[in-house]
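On a predicted model such as this, the values are computed, not experimentally measured, just so you know. By convention in this document, chain letters (A, B, ...) are assigned in the order of the sequence lines, proteins followed by strands, and residues within each chain are numbered from 1.
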Amino acid sequence: MIASFSNVVVVYDNFPALAGASFEIASGEIVLLQGPNGAGKTTLLRACAGLLPIARGSAIVLGCDLGVDRRAVRAKVGLLGHANGLFPDLTVAENISFWSRLIGASAQDVETAMQIMGLSDRLSATRVANLSAGQRRRCALATLIVRRAQLWLLDEPHAGLDSQGRDELDKTLRSARDAGATVVFASHEIDRAQNLATRSLTVVGGVVTET
Amino acid sequence: MKNSLDTGVTKGKVVTAVLSKDLKIEMRSRVVTNQVLPFAGLVMVMFAFALDNDDVLQRVAGGLVWLATLFSLFIIVQRSFAIDTQDGALDSLRVAGIDLSAVFFGKAIALALKLIALEIVLICGAVLLYRVDLTASGLVLLVTCVLCATSGLAFVGILYGGLTAGAKGRETLLPLLLLPVVAPVLIAATRATEAAFGSGGAQTSEGWAWIGLLTVFTAVFGVSGSLAFGSLIDE
Amino acid sequence: MSQVSQETSPTGTRATQAIGVLALAVMAWVVASGLLLTPQDVVQGESVRIMYVHVPSAWIAYLAFVFTAVASAGWLISKKHSMGFDRFAGASAEVGVMFMAITLITGSLWGRLTWGEFWQWDPRLTTTAFLFVTYIGYLAVRRLEGSVEQRARRSAVVALLAVLEIPLVHFSVVLWRSLHQGATVLNPNGDVKMDDLMLFTLFSGVVGFTLVFIWLVLHRQRTMLLVDVADNQGLDLAIVARRAEGPAN
Amino acid sequence: MKDAGFIFGSYIVTLGAILMFAVSTLRRAKKSAQSVTDKDKTWL
């Protein structure tokens with residue numbers, strides 16, 4: 001099991017964003033999280049990444065018990081939230097190579113990641129501040145590819161991408177899965193997402209149900 | 001910590017990566033040179049208006065340099081964490097599972113370099129504006145003082161800046177937490193600078209006792225910062 | 001305070017009631033003796049009477065901050081990270097800040113009478129003022145948003161940093177004064193010639209204030225637990241409400 | 001008594017502050033305790 005949540009409550013700003021979520025995710029799955037805004041999808045992804053304390057219940061991700069030490073899981077997961085986690089004043093190449101230096105990836109890895117995400121030479125020398133929303137998203141995904149996470153947690157990865165970019169993204173996620181990663185992503189683009197996903201979960205009112 | 005071993009990245013590499021990232025962003029955005037520096041210069045000029053007496057100004061020049069530096073410290077620290085929080089990069093840093101004490105040193109060194117650049121301009125300004133005479137032995141004392149005091153300020157600045165990063169009301173909380181802590185630096189650096197300037201007939205030799213205090217301060221907060229920073233910025 | 005029985009105060013017990021009664025009795029004696037029974041001082045005259053509340057307040061404030069530091073270290077070191085340590089640290093700091101405010105106010109009133117000025121840049125006064133601001137900052141950190149555990153971790157670290165900071169501030173202020181102006185400041189305690197009754201009253205003051213401190217910290221710390229429990233119950237209701245947003249459960 | 005204002009003032013400040021702290025603590029305790037059962041009151 002990659003992730004196994006049992007009756008997990010996560011409190012955020014005095015509000016139980018997750019109110020007893022139970023689900024399991026097996027290795028190699030591409031799991032779609034669907035549900036209305038404010039249902040708890042973002043909280044679920046952040047909790048999986050070990051960023052939020054588990055108030056009640058038990059959560060085990062990649063063999064780490066989040067109730068005991070939620071920091072241990074962090075190096076093994078890649079999280080792409082609503083924010084891209086980029087530095088707008090740096091160029092695309094500088095952003096990606098910053099993250100690669102932090103985790104010891106090679107220049108070759110950076111090159112490959114940029115190619116996969118279609119970040120051409122011209123784009124890679126552009127400051128992130130001058131990119132379109134979709135281009136920024138691609139840059140952020142490239143940093144995740146460089147990190148070679150075992151579990152990808154993506155919050156609305158399709159948002160802001162054009163249809164070509166979405167195809168590229170789907171291809172990237174599939175090849176990441178083929179390379180041994182597990183993907184969990186939230187999306188409103190139900191048709192496209194269901195095509196991509198091997199399984200989908202519905203999150204409503206802080207509770208997770210199988211769809 | 002163990003994670004940086006897992007990936008084979010040494011602490012030094014993380015420090016330089018964070019340091020060069022912060023400096024590169026400053027080179028691009030020019031916040032320190034275009035905004036903080038004029039602000040600090042203005043503070044010095046305003047003091048000249050308020051005190052309106054050449055003798056007094058000459059006497060307090062050292063203190064004014066350090067007071068202007070302190071005010072600038074708050075702004076630069078806020079800015080230093082704003083670049084990490086504006087697009088959620090701080091979250092990514094947390095998730096990356098890297099050694100946060102290395103992030104502490106990287107950010108502190110970057111902050112110290114920005115502060116030193118600022119102080120050089122301020123001190124030159126004080127020498128010109130307030131008509132201070134500087135001897136060779138005074139210059140040696142001054143350089144030592146700037147190095148010790150600035151590294152101490154950088155350590156506490158990043159430590160408490162990390163604590164307040166992303167918190168509500170950080171603009172007011174940061175000075176409230178920082179001001180009492182940096183009081184020893186203000187006192188010691190001011191006295192040492194006055195000794196270097198020879199203000200009020202102070203001897204250069206009087207300044208070296210204060211350098212000792214600054215060194216202790218820097219060591220204390222360098223060590224405690226590298227230990228505590230991780231648990232302060234962590235969610 | 002002590003008349004508050006179990007029915008009226010949820011945080012009271014036999015023990016706190018006993019401490020409360022004792023504290024009231026000792027405080028009544030201190031006030032009576034300090035204002036009426038003790039003689040004037042040869043040098044300071046009547047103003048020496050302020051000493052019986054000023055010196056014990058200062059003592060309690062410092063004691064409270066030591067407690068905060070010890071409890072914070074306890075939280076960090078203990079494997080279970082028991083929240084009792086955190087509540088103790090917070091309660092003690094709150095009481096300490098109050099007593100430090102009392103110390104500063106009564107001290108400046110006394111200073112006005114003995115020195116003719118409300119404030120002197122004497123090392124001890126200056127350090128005390130910095131200590132006061134530092135712990136106001138500590139209480140502000142406790143109020144930052146976040147989970148209970150986060151609050152405990154942050155504030156424990158800040159409390160221990162304050163312990164490092166205080167000797168540095170004190171030493172630098174001492175050095176500052178000693179190099180720049182002779183020790184001309186009158187020591188408010190130094191020139192008081194104390195007879196037995198004065199000594200006994202001061203000693204009772206320390207005992208009485210310590211009892212008050214214990215009573216306040218116990219009640220405050222229990223109140224914090226009640227607030228946490230009530231919040232947790234609010235969470236139960238919120239979880240039910242939250243789940244009701246979803247499809248039929 | 002000479003300087004009575006200062007002396008009484010410092011006693012009033014001291015006792016008043018302590019009393020106010022005590023009363024506000026008890027009030028807060030009472031408010032929060034309404035829904036808390038004795039089981040959670042570890043000191044009983």
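- In terms of heavy-atom pairs under 4.5 angstrom with chain B, the leader among Val133(C), Val158(C), Leu131(C) is Val133(C).
- Expressed to the nearest 0.5 Å, how far CZ of Phe221(B) lies from CG of Leu164(C) amounts to 6.0 Å.
- At a 4.5 Å heavy-atom cutoff, the contact between Leu173(B) and chain C is made by side-chain atoms alone.
- Val157(C) touches chain B through its side chain: at least one heavy atom from C-beta onward sits under 4.5 Å away, while N, CA, C and O do not.
- In this structure, the side chains of Val141(C) and Leu177(B) come closer than 4.5 Å at one or more pairs of heavy atoms.
- Heavy atoms closer than 4.5 Å to chain C are found in the side chain of Leu159(B), but not in its backbone.
- Residues forming a salt bridge (charged side-chain N to carboxylate O under 4.0 Å, His left out) with Asp87(B) (at least two apart in sequence, or on another chain): none.
- The nearest pair of heavy atoms linking Arg154(C) to Leu163(B) is CD-CD1, 3.5 Å.
- Gly137(C) and Leu176(B) make their closest contact through CA-CD2, 3.8 Å (heavy atoms, listed as atom of the first residue, atom of the second, distance).
- Only the side chain of Ser224(B) comes within contact range of chain C, with at least one heavy atom under 4.5 Å from a heavy atom of that chain.
- Under the salt bridge (charged side-chain N to carboxylate O under 4.0 Å, His left out) criterion, Arg151(C) pairs with Asp86(C), Asp228(C), not counting sequence neighbours.
- Here the straight-line distance linking atom CG of Leu213(B) with atom CH2 of Trp176(C) works out to 13.5 Å at 0.5 Å rounding.
- Residue Leu168(C) touches chain B through both its backbone and its side chain, counting heavy-atom pairs closer than 4.5 Å.
- Heavy-atom contacts from other residues, nucleotides or ligands closer than 6.0 Å to CZ of Phe203(C) number 12 or fewer.
- Among Val169(C), Thr134(C), Leu161(C), the residue with the largest count of heavy-atom pairs under 4.5 Å with chain B is Leu161(C).
- Side-chain contact between Val216(B) and Phe171(C): absent, with no pair of heavy atoms (C-beta onward) separated by less than 4.5 Å.
- Contacts with chain B were tallied for Arg153(C), His170(C), Glu145(C), Glu149(C); Glu145(C) has the most, counting heavy-atom pairs under 4.5 Å.
- Using a 4.5 Å heavy-atom cut-off against chain C, no residue of residues 69-77 of chain B qualifies as contacting.
- Under the salt bridge (charged side-chain N to carboxylate O under 4.0 Å, His left out) criterion, Asp54(B) pairs with Arg131(B), not counting sequence neighbours.
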